[in-house]
Amino acid sequence: MKDELNFYEKVHEIAKLVPVGRVTTYGAIAKFLGTASSARMVGWAMNAAHADSSIPAHRVVNRLGILTGKHHFAAPTLMEDLLVSEGIEIIDNQIQDFNIKFWDPNLELK
DNA sequence: TCTATGACTCCGG
DNA sequence: CCCGGAGCCATAG
C-alpha cells in the first residue's frame, strides 16, 4: 500500500467531498489534482468508482452541467433522479443554475 | 511495447 | 452552445 493515493483514488475522495445539492465537473477535479492529468482520466476514474456505491458519481458532470455519464448508471434515469432528490433541477439532461450549483474543489478545499 | 478507447476540454469557424 | 479537429493520459487487451 502506498501512502499517497492513486489518481482514481484521489478522484474518489473529491467525489465524496462534494456537498449534497452541489455538483462539480471533471475539469475542476482534474485541475485540483494539478492539471497533470486530463479531464478524461477523471471520467475513467468515475468508471472505477462505479463499483463503490459510496461514491456519488451523479454529482460529477461535464463543464456544461450536462449529465454525460447517465448511461453508465444502473438506470439511465437514476443519475438525474438522484440529483433531483438532492434539490437540483434538471431539464433535458442539463443542470439548471449550474453556476450556482457548481462546487469547485479548488475553491472549497483550498 | 504498442494500439485503441474514453463519464473531457479547449480552440477556431 | 452548434460543429469539427486536436490534445490529453491512464487503463485494457
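Naming: A, B, ... by sequence-line order, numbering from 1 per chain.
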Q: Tell me what A:Leu67 touches on the nucleic acid: a base, only sugar-phosphate, or nothing, going by heavy atoms under 4.0 Å.
A: nothing

Q: Name the nucleic acid region contacted by A:Ala48, choosing base, sugar-phosphate or nothing; use a 4.0 angstrom heavy-atom cut-off, strictly under.
A: nothing

Q.
Using modelled atom types and a 3.5 Å cut-off, is there a donor and acceptor pairing between side-chain atoms of A:His12 and backbone atoms of A:Ala48?
A. no

Q) Is a side-chain donor or acceptor of A:Gln94 paired with a backbone partner of A:Leu67 at a separation under 3.5 angstrom? A) no

Measure the distance from [atom1] on [X] to [atom2] on [N] and round it to the nearest whole Å.
| X | N | atom1 | atom2 | value |
| --- | --- | --- | --- | --- |
| A:Leu64 | C:dC3 | CG | P | 13 Å |
| A:Tyr8 | B:dA7 | OH | P | 19 Å |
| A:His71 | B:dA7 | NE2 | P | 10 Å |
| A:Arg63 | C:dC8 | CZ | P | 18 Å |
| A:Ile95 | C:dC1 | CD1 | C1' | 16 Å |
| A:Met46 | B:dA7 | CE | C1' | 8 Å |
| A:Leu33 | C:dC8 | CG | P | 18 Å |
| A:Asp52 | B:dA7 | CG | C1' | 16 Å |

Q.
Using side-chain heavy atoms (C-beta onward) and a distance below 4.5 Å, is A:Thr25 in contact with A:Val60?
A. no

Q) Should A:Phe32 and A:Leu109 count as side-chain neighbours, where that means a heavy-atom distance under 4.5 Å? A) yes

Q.
So that I can tick it off, tell me whether A:Lys101 and A:Glu89 are bridged by a salt bridge, with the cut-off set at under 4.0 angstrom between side-chain N and carboxylate O.
A. no

Of the listed nucleotides [options], the one nearest the side chain of [X]:
| X | options | answer |
| --- | --- | --- |
| A:Trp44 | B:dA7, B:dC10, C:dA12 | C:dA12 |
| A:His50 | C:dC9, B:dC10, B:dA7 | B:dA7 |
| A:Asn62 | B:dA7, C:dC1, B:dT9 | B:dT9 |
| A:Asn47 | B:dT9, C:dC8, B:dA7 | B:dA7 |

